[in-house]
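Order of appearance sets the numbers: ligands from 1, and atoms from 1 within every ligand.
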Amino acid sequence: LSIEYLPLPGLAVEDIDTPALIIDIGAADENIRKLQAWCDAHNLGVRPHAKTHKSPFWAHRQLEAGAIGLCASKVSEAEVLINGGVSDVMITSQIVGRPKIERLMGLAGRANVTVAVDREDNVRDLSEAAVAHGAELGVVVEVNVGQDRCGTLPGEATTSLARAAEAAPGLRFDGLLGYEGHVVATRDAGERKAGAEAAMDRLFAAADGVEAAGLPVNVLSAAGTGTYNVTGAMDRITDVQCGSYIFMDGDYMEVMDDFRPALSVLSTVVSRPAPDLAVLDVGRKSISMDRGFPKVLGIPGAEVFALSEEHGKMSVTQKPGTPAVGEKVALLPMHGDTTIALHTNYFVARAGKLESIVDIAARGCFT
Ligand SMILES: Cc1ncc(COP(=O)(O)O)c(C=O)c1O
């Protein structure tokens with residue numbers, strides 16, 4: 001929205017023009033405090049993943065609560081965080097190719113930057129660039145703990161890469177990273193716990209090998225929101241890298257209720273073509289559906305069953321005519337991260353009133 005269309009603080013949330021991404025700051029702050037308190041009690045560092053909120057505003061609230069730094073997925077996300085005053089960022093993806101490595105070196109001169117590696121040629125490229133720039137870059141070896149995405153296998157593959165990282169000029173070998181993303185959203189708590197334990201067995205086996213080779217493993221980072229209290233309860237884990245916990249989403253609310261949903265997308269009914277059908281002004285350009293249709297909040301029995309680019313179809317079973325054209329409908333996205341990435345602003349609300357409008361500064365940052 002151009003500035004003249006932005007609402008002023010104090011406006012009732014239901015009067016904000018739509019579609020709008022609303023954050024209940026009370027709930028978000030409570031989520032931040034809750035994870036931090038749990039990790040403090042377990043002597044564990046919190047390094048929240050900024051891929052969820054893509055914003056220095058929320059990063060600073062996490063740091064003020066006690067986080068040791070932030071995670072980012074992309075160099076461009078790390079740039080936004082560091083430009084926004086965050087001084088410690090771990091990039092949990094492999095950074096490959098000259099253009100991105102050059103940008104990474106620009107950051108390494110300004111902040112403590114750590115990056116995940118899983119190949120020796122990448123370690124060489126990073127080391128050469130760090131030496132050329134006179135920079136120091138932290139590296140963690142990513143271990144494949146069962147997600148079968150990136151990462152080395154526990155054993156010799158991990159140990160020899162750790163050795164290469166330790167020996168590489170310009171690089172500082174910090175330890176290992178293992179994200180058990182394949183089990184974080186397993187609905188059954190027992191199965192989720194068993195899955196996380198199996199994943200961490202692999203991470204610890206990898207760490208055993210590295211330590212046996214005489215290298216210190218100062219960082220053992222793992223865990224997503226769904227496994228924070230399983231993985232985080234293991235003594236050897238040093239940091240958790242949860243992201244979604246800050247706002248939660250419809251999918252995670254089916255996994256656990258440890259954290260409160262803080263985000264919704266406010267929409268408006270724009271047409272009532274049939275007694276049992278309302279059409280909303282949200283579609284796939286303002287709410288994601290990679291994890292299913294959003295949940296309708298506050299209207300019992302109503303369901304979104306179709307989304308095109310800019311329209312959503314909602315079935316209604318309530319008394320005829322409600323909600324009427326012009327009425328607002330709040331939706332809970334099933335996937336927060338992919339919904340947030342579509343928006344320009346957070347409309348931050350407290351007790352039902354708009355408190356501030358916050359730029360989603362790293363929107364579009366996928367390089
Ligand atoms: C490497 C890595 N770490 C941490 C997270 C955060 O996980 P969650 O959003 O489940 O808390 C993600 C999310 O995809 C991730 O890819």
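Between Tyr252 and Phe247, a ring centre-to-centre spacing not shorter than 6.0 Å is recorded.
Annotation: Gly243 places an N or O atom under 3.5 Å from an N or O atom of ligand 1; distance criterion only. Taking any N or O of Tyr245, backbone or side chain, none lies under 3.5 Å from an N or O belonging to ligand 1. Distances between N or O atoms of Thr52 and those of ligand 1 include no value under 3.5 Å. Checked against a 3.5 angstrom limit, the closest N/O atoms of Thr92 and ligand 1 fall outside it.
Within the listing of ligand 1, atoms 8 (P), 10 (O) sit less than 4.0 angstrom from a heavy atom of Tyr252. Using a 4.0 Å cut-off to heavy atoms of Ser244, the atoms of ligand 1 that qualify are 8 (P), 9 (O), 11 (O). Annotation for ligand 1: atoms under 4.0 Å from non-hydrogen atoms of Cys242 are 11 (O). Against a heavy-atom cut-off of under 4.0 Å, Arg149 is close to the following atoms of ligand 1: 16 (O). With ligand atoms numbered from 1 in the order given, ligand 1 contributes 8 (P), 10 (O), 11 (O) to contacts under 4.0 Å with heavy atoms of Thr225.
Regarding atom 13 (C) of ligand 1, its nearest protein heavy-atom neighbour is Lys51 NZ, 3.1 Å. Closest to atom 4 (C) of ligand 1 among all protein heavy atoms lies Gln241 O, 3.0 Å. Atom 15 (C) of ligand 1 has Tyr179 CE2, 3.4 Å as its closest protein atom, hydrogens excluded (heavy atom only).
Taking the charged nitrogens against the carboxylate oxygens, Glu14 and Lys328 have no contact shorter than 4.0 Å, which rules out a salt bridge. We find that Asp88 and Arg47 are joined by a salt bridge, their nearest charged nitrogen and carboxylate oxygen being less than 4.0 Å apart. Taking a cutoff of 4.0 Å between a charged side-chain nitrogen and a carboxylate oxygen, Asp208 and Arg236 qualify as a salt bridge. A salt bridge is defined here as a Lys NZ or Arg NE, NH1 or NH2 lying under 4.0 Å from an Asp or Glu carboxylate O, and Asp290 with Arg284 fails to meet this definition.
Within 6.0 Å of CZ on Arg98 lie no more than 12 heavy atoms contributed by other residues, nucleotides or ligands. Atom CZ of Arg272 has more than 12 heavy atoms from other residues, nucleotides or ligands within 6.0 Å. In Glu303, the CD atom is not crowded: 12 or fewer heavy atoms of neighbouring residues, nucleotides or ligands sit closer than 6.0 Å.
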